[in-house]
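Atoms considered below: every heavy atom in the structure, side chains included; atoms not considered: hydrogens, waters and symmetry mates.
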Amino acid sequence: MPVNLQLPRTKLLSTCVKVIDTFDPKKTTVDAYIQDSEVLKDKSIGEIELKFIHQVFYGCIRYQKFLKLFVTSFQYKCPTAAVRSEQTLYMILSYMLFFRLEELGVAEYRQFVSCGYGTATALLAMLQYSLDVAELERWVKVEWCKVYDVRYVEEEIMAKLQGFAAELKPVVEEVEFKATGTVKASDSTVLPAREKRRTSPKPFNITAPKPRLIPEPEAISREVKALPVPAHLHNTSLADVEEQKKKRLEEEKQRVAAKYGEEHVPKLASAARRDGAEGEELARKVEAERMAECTFKPRLGKYVPPTEEAVVRQNVAAVLREDALLKQKQAKEYELLKRYEQDLHDGSEFHRWQEKMKEKDHLDEEKRVHTRIVEMQLARESAIEAREFQEKKNNILAEHQRGEFQVEMDQKKIELENDLVDKQKLVKQTQAERENARLAEEREAKNRADRAEQIRREKEAEAERKRREDEQEMERRKDLIKQIRALEKVPVARFKQFDAAEQPCQGLLEEMSHAELWERLKIVQSQNAQELEEKRERQIGKKLDKQNEIHEKAETLAKIRDRARDESRTRHDAIKSKKQEQEEAQQRYKDECIEEVAMKIQKKKMQKREEELRLRKELKEISMKRQFLAANAEMVEAKKHGEQHAGLDREAQCRQANTLTNQRRQNEIKGKEMMLRSANRQSSADGYKAMQEATNDRLRRAHAANTALKQDILFANQTARNSQKTLERDLRDELGHSSSKYSGGPLRIPRSA
């Protein structure tokens with residue numbers, strides 16, 4: 001049955017989550033953290049709750065790998081239901097479900113699941129996932145078996161949990177009802193909910209109308225009456241009908257010939273149709289005209305210069321901006337003149353030389369680019385041939401690498417099989433040594449339980465003494481509060497009359513009365529109004545001076561603008577003529593490059609043609625030699641057979657020698673591999689034994705140091721407690737009470753019933 005606790009289960013679970021989240025194994029140990037944790041120093045945590053938190057914390061740290069694998073697989077399987085911020089809660093609930101359900105009981109576990117701490121849909125998905133053997137085997141069993149023994153996972157964890165499946169079914173249904181509002185049966189069908197009584201509508205009790213009488217249908221006569229045969233049918237024969245048809249045909253032919261005679265034939269323009277070549281030329285011209293607009297250099301119309309100058313209205317900002325630019329230009333000119341006056345020369349000659357060198361560099365760069373284009377066109381064919389040769393070479397290398405890779409894969413497979421055998425032996429050895437750790441854990445747990453019971457009795461005694469002292473202190477405080485409240489209820493009269501002509505007398509310099517302050521305020525306001533009027537007049541004068549200055553600047557700028565326009569036109573004409581000369585020079589150089597490329601290509605074609613003629617000549621000579629040799633075919637055939645037999649004998653001898661050599665090498669390699677494998681196996685076994693000895697030695701030294709540290713801490717605590725008790729006893733004997741209400745140690749809470 002559920003245990004009565006001082007804390008609600010939601011707060012108990014949240015405390016466990018905080019303890020696990022704030023633990024850092026790199027900074028402290030498990031036992032030291034439990035003693036120094038700030039979360040566990042809460043006075044509202046009782047003895048039972050503290051013991052529960054300790055056991056949950058120890059268990060989650062002990063089975064940390066197991067629980068993390070389960071929670072991670074659950075999040076991957078149910079990503080929509082699982083909440084990542086509740087990972088620690090899932091770890092705690094899964095620890096109680098897999099390892100402590102038999103001790104805790106299904107009823108108590110139901111209280112923790114249904115307390116409302118955590119998302120209902122996530123808890124439902126976790127319970128369903130943990131009770132489904134097929135899903136556990138699919139998602140997480142393989143990973144568990146890498147850490148724990150297979151038999152332990154199947155018998156001690158999964159099989160034991162399935163034994164509680166029937167008792168956990170109501171818990172799952174309750175959580176499912178909270179999460180979805182419905183409960184599914186074992187066959188995945190929704191159980192029928194209790195139907196609510198609804199109001200069923202009924203028709204009014206109205207007199208039903210009488211049905212109308214349908215008249216009887218009229219009878220329709222189906223008798224067919226045929227008309228008599230016409231009399232003229234007996235007066236016409238088949239010969240007369242054929243004669244009439246021929247006559248109508250001749251009349252129709254004459255009518256059509258008269259309608260479509262030669263004089264009525266229309267004279268169409270397609271009779272003088274052009275040939276195909278001319279039509280293609282016209283289509284090409286039309287297409288060229290249509291595509292002329294789709295280029296990046298569209299045809300521009302003839303430029304018509306404006307007859308009148310545009311009038312641009314200048315504002316103050318434009319005038320000031322243009323005046324600032326003019327001042328900057330004048331400052332630069334002044335600097336140039338000043339430098340010329342000091343140095344007796346300027347940089348105009350250097351600038352002309354610089355521009356000339358830039359133009360020369362530009363022409364050299366263009367020549368280099370055109371030369372590079374020619375070289376690239378000539379190197380294209382060489383690159384194609386090189387690429388084909390490289391492809392063949394790459395194919396041969398790839399085939400060789402595939403063979404080497406296959407040999408390496410076979411060798412790797414053999415090594416993996418040997419490693420698997422060694423690991424299986426190690427697993428069997430580890431399983432045999434696991435029982436010793438379990439016995440040691442049981443002895444340690446019994447010793448800890450005895451120490452915990454002794455500490456609990458001491459804490460109960462300390463808590464009782466502290467409770468009595470707190471009650472006395474509370475009574476004393478209540479008396480003081482009552483006295484203070486009684487003093488505050490006594491009324492005190494505090495008031496003072498106000499005089500506008502009297503000074504406040506607060507001890508400040510230049511104090512004034514209320515009336516004096518009003519007079520001083522009026523004087524200051526009149527002074528501010530007079531100063532404001534004078535400032536307004538000064539601003540108006542400055543504004544008029546600024547307007548006159550801007551007008552003068554605008555007139556000066558207009559004159560400078562006209563002069564700059566004339567200079568710009570002259571400069572543009574010079575640049576245009578110079579650009580035209582440069583374009584003509586570039587076109588001449590481009591034509592020269594094209595002629596050079598054409599000559600080189602023609603020369604290369606001539607060389608290829610000569611090579612082709614030479615090859616044909618050689619082939620022709622070879623064919624003629626073959627014709628001469630064909631005359632003595634029998635002798636050539638006999639000689640050929642003799643050479644073939646000799647070649648076969650040489651090939652057999654070489655093959656036999658190569659086979660013997662390869663076999664000898666394989667035997668040597670196999671012997672070396674066996675020696676290396678045995679040496680590696682021996683070194684691995686020696687290393688493992690050395691590692692075991694070092695680990696055992698380190699564990700023994702760590703246990704000894706831990707025991708010594710605990711004894712020192714226990715001795716220090718007992719010494720401090722005894723000295724504190726002795727001091728309190730002396731103070732109580734001397735003064736009747738201790739020196740401080742907090743000197744009795746931490747607050748102790750009695751164990752709940």
With no hydrogens and no angle check, is any side-chain donor or acceptor of [X] less than 3.5 Å from a backbone partner on [Y]?
X: Ser684; Y: Arg681; value: no
X: Asn706; Y: Ala702; value: no
X: Ser130; Y: Leu127; value: yes
X: Glu154; Y: Ala159; value: no
X: Tyr117; Y: Leu89; value: no
X: Asn447; Y: Arg443; value: yes
X: Asn667; Y: Gln663; value: yes

Centroid-centroid under 6.0 Å between [X] and [Y] rings:
X: Phe112; Y: Phe52; answer: yes
X: Phe98; Y: Phe70; answer: yes
X: Trp139; Y: Tyr76; answer: no

So, [X] and [Y], do they make that salt bridge, N to O below 4.0 Å?
X: Glu728; Y: Lys725; value: no
X: Glu155; Y: Lys160; value: no
X: Lys710; Y: Asp31; value: yes
X: Glu174; Y: Arg110; value: yes
X: Glu473; Y: Arg477; value: yes
X: Arg467; Y: Glu471; value: yes
X: Arg456; Y: Glu460; value: yes
X: Arg448; Y: Glu444; value: yes
X: Glu173; Y: Lys178; value: no
X: Arg465; Y: Glu462; value: yes
X: Glu103; Y: Arg100; value: yes

According to the salt bridge (Lys or Arg N to Asp or Glu O under 4.0 Å) rule, which pairs have a member within residues 59-86, sequence neighbours left out?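 Matches after skipping sequence neighbours: Arg62-Glu441.
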
Any chance you could measure [X], atom [atom1], to [Y], atom [atom2], to the nearest 0.5 Å?
X: Leu40; Y: Lys18; atom1: CG; atom2: NZ; result: 11.0 Å
X: Tyr33; Y: Glu38; atom1: OH; atom2: CD; result: 9.5 Å
X: Glu417; Y: Asp422; atom1: CD; atom2: CG; result: 12.0 Å
X: Leu97; Y: Leu168; atom1: CG; atom2: CG; result: 6.5 Å
X: Gln35; Y: His54; atom1: CD; atom2: NE2; result: 9.0 Å
X: Thr88; Y: Leu93; atom1: OG1; atom2: CG; result: 11.0 Å

side-chain contact (heavy atoms from CB on, under 4.5 Å) between Arg9 and Glu108, worked out: CA-CA 10 Å; Arg9 286 169 176 79; Glu108 185 65 29; 3.0 Å; yes

Looking at every non-hydrogen atom in both residues, tell me the closest pair between [X] and [Y] and how far apart they are.
X: Leu131; Y: Gln162; answer: O-NE2, 3.1 Å
X: Gln75; Y: Val83; answer: NE2-O, 4.4 Å
X: Leu13; Y: Ile92; answer: CD2-CG2, 4.3 Å
X: Leu50; Y: Ile45; answer: N-CG2, 3.8 Å
X: Tyr95; Y: Gln55; answer: OH-O, 3.7 Å
X: Ala122; Y: Ala81; answer: CB-O, 3.3 Å

Are any of the side-chain heavy atoms of [X] and [Y] separated by less than 4.5 Å?
X: Phe66; Y: Val147; answer: no
X: Glu734; Y: Arg729; answer: no
X: Leu104; Y: Met96; answer: yes
X: Gln429; Y: Tyr688; answer: yes
X: Val30; Y: Phe23; answer: yes
X: Ile34; Y: Tyr58; answer: yes
X: Leu12; Y: Ile53; answer: yes
X: Leu699; Y: Thr695; answer: yes

Can you check salt bridge (Lys or Arg N to Asp or Glu O under 4.0 Å) on Arg701 and Asp697, steps first, answer last? CA-CA 6 Å; Arg701 286 188 281 105; Asp697 185 27; 3.6 Å; yes

Which residues pass the side-chain hydrogen bond (donor to acceptor under 3.5 Å, both in side chains) test with Ser94, sequence neighbours left out?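 Here no residue qualifies.
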
Sequence neighbours left out, what passes side chain to side chain contact (heavy atoms under 4.5 Å, CB included) with Ile481? Give chain and number order.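 In terms of side chain to side chain contact (heavy atoms under 4.5 Å, CB included), with neighbours along the sequence ignored, Ile481 is linked to Arg485.
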
Tell me whether the rings of Tyr63 and Phe99 are parallel (<30°), tilted (30 to 60°) or perpendicular (>60°).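 Tyr63 vs Phe99 ring planes: parallel.
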
With salt bridge (Lys or Arg N to Asp or Glu O under 4.0 Å) as the test, would you mind laying out the steps for Glu673 and Lys670 before giving the verdict? CA-CA 5 Å; Glu673 286 182 352; Lys670 189 173 181 181; over 6 Å; no

Hey, mind stepping through Tyr129 and Val140 against side-chain contact (heavy atoms from CB on, under 4.5 Å) and telling me if it holds? CA-CA 11 Å; Tyr129 173 57; Val140 75; 3.9 Å; yes

Apply the test side-chain hydrogen bond (donor to acceptor under 3.5 Å, both in side chains) to residues Asp132 and Gln128: give CA-CA distance (whole Å), side-chain angles for both, the deciding distance (0.1 Å), then the verdict. CA-CA 6 Å; Asp132 193 346; Gln128 292 176 349; over 6 Å; no

